[in-house]
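Worksheet: one structure, shown below.
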Amino acid sequence: MKNKNASFLTQAAMIAAVYVVLTLLFRPISFGEIQVRIAEALTILPLFTPAAVPGVFVGCLIANIIGGGILPDIIFGSLATLIGAVLTYRLRDLNPLFGPVPPIVSNTLIVPFVLFYGYGVNLPVPFLMVTIGIGEVLSCGVLGLILYFSLRKYKAILFRPTPV
């Protein structure tokens, strides 16, 4: 049991680290009213392992802190990713094409309000929903599904718990 917990924590930490690195590496397009956060492609990983749920949440939280986010962005932006990851995990037994839908929807509904009320972005919320939604479709939908189909044949190797 101890090895299984260590494996879970290791997977979650690695996913969080990759999320942070991708967000900061692509910083110019990871923040703002028009964003394609490449790291959001990792929200497809809960289809493979439950460790991805805390992994993407903690990664998003750390990336928002390091990226200079304000408190509402750190809290609600990270919660949007957490909600998306939890719901993706719950959809894991359905068609994988549904996997990107929860993070797309949760970020499209939450992040525009953070931008408008938190950062004072002077654009209408529905317009921000469109811009954030397009970015999420690109990162979670397109890149996330490319990641999914690239990793699925290696699932047994990459996401197996350490033997006891």
Side-chain angles (χ1 to χ4, degrees), residues 11-64 66-69 73-74 76-116 119 121 123-159:
Q11 287 178 8
M14 290 300 295
I15 291 167
V18 171
Y19 190 105
V20 172
V21 168
L22 286 173
T23 301
L24 298 177
L25 185 64
F26 294 101
R27 187 182 195 130
I29 61 171
S30 293
F31 299 95
E33 52 271 6
I34 298 175
Q35 59 179 262
V36 180
R37 189 175 279 201
I38 304 297
E40 283 288 300
L42 300 177
T43 59
I44 201 74
L45 295 180
L47 294 179
F48 294 108
T49 176
V53 174
V56 295
F57 170 65
V58 170
C60 183
L61 185 70
I62 293 169
N64 286 343
I66 294 173
D73 190 11
I74 293 167
F76 294 107
S78 302
L79 283 175
T81 296
L82 177 62
I83 291 166
V86 166
L87 294 176
T88 295
Y89 178 73
R90 290 186 175 247
L91 294 176
R92 70 190 178 280
D93 295 327
L94 297 177
N95 187 322
L97 296 177
F98 292 121
V101 173
I104 291 170
V105 172
S106 64
N107 280 286
T108 299
L109 293 177
I110 295 171
V111 173
F113 288 99
V114 172
L115 293 171
F116 187 80
Y119 289 101
V121 172
L123 293 169
V125 170
F127 178 77
L128 292 171
M129 286 180 169
V130 170
T131 62
I132 297 301
I134 290 170
E136 287 294 312
V137 166
L138 292 173
S139 60
C140 299
V142 176
L143 295 176
L145 286 174
I146 290 170
L147 180 62
Y148 174 82
F149 288 111
S150 298
L151 293 178
R152 74 177 176 170
K153 61 183 168 184
Y154 302 107
K155 178 182 178 180
I157 298 168
L158 293 172
F159 300 105

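Quick caveat: nothing in here was measured; it's all calculated off a predicted structure.
Separation of atoms OG1 (Thr43) and CG (Leu87) is listed at 11.0 Å; rounding is to 0.5 Å. Arg27 CZ to Ile66 CD1: the interatomic distance, rounded to the nearest 0.5 Å, is 9.0 Å. One finds the OG1 atom of Thr49 at 12.0 Å from the CG atom of Leu151 (value rounded to the nearest 0.5 Å). Here the straight-line distance linking atom CG of Leu123 with atom CD1 of Ile34 works out to 8.0 Å at 0.5 Å rounding. To the nearest 0.5 Å, atoms CE (Met14) and CG (Leu42) are separated by 11.5 Å. The CG atom of Leu24 sits 6.0 Å away from the CZ atom of Phe31 when rounded to the nearest 0.5 Å.
The nearest pair of heavy atoms linking Ile83 to Ser106 is CG2-CB, 4.0 Å. Minimum heavy-atom separation, Gly99 to Thr88: O-OG1, 2.8 Å. Contact detail for Cys60 and Thr81: the closest heavy-atom pair is SG-OG1, 3.5 Å. The two residues Ile15 and Gly55 make their nearest non-hydrogen contact at CG2-C, 3.9 Å. Closest heavy-atom contact between Ile44 and Pro96: CD1-O, 4.4 Å. When every heavy atom of Glu40 is checked against every heavy atom of Cys140, the shortest pair comes out as O-SG, 3.6 Å.
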- side chain to side chain contact (heavy atoms under 4.5 Å, CB included) assessment of Ile74 paired with Leu61: CA-CA 6 Å; Ile74 293 167; Leu61 185 70; 3.6 Å; yes
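With contacts defined as side-chain heavy-atom distances shorter than 4.5 Å, the pair Val114/Tyr119 qualifies. Val58 places none of its side-chain heavy atoms less than 4.5 Å from the side chain of Tyr19. Proximity of Leu25 to Ile38: side-chain heavy atoms (C-beta onward) are nowhere separated by under 4.5 Å. Considering only heavy atoms from C-beta on, Val56 stays 4.5 Å or farther from Leu45 through its side chain.
Across Asn107, Ile110, Val111, Thr108, a single residue satisfies side-chain contact (heavy atoms from CB on, under 4.5 Å) together with Met129, and that is Thr108. With Glu136 as the fixed residue, the side-chain contact (heavy atoms from CB on, under 4.5 Å) test singles out one of Val101, Val105, Ile104: Ile104.
Counting heavy atoms of neighbouring residues, nucleotides and ligands inside a 6.0 Å radius, atom CZ of Phe98 does not exceed 12 of them. Counting heavy-atom neighbours within 6.0 Å of Arg92 CZ, excluding the residue itself, gives a total above 12.
A donor-acceptor pair under 3.5 Å links the side-chain atoms of Thr131 to the main chain of Glu33, judged by distance alone.
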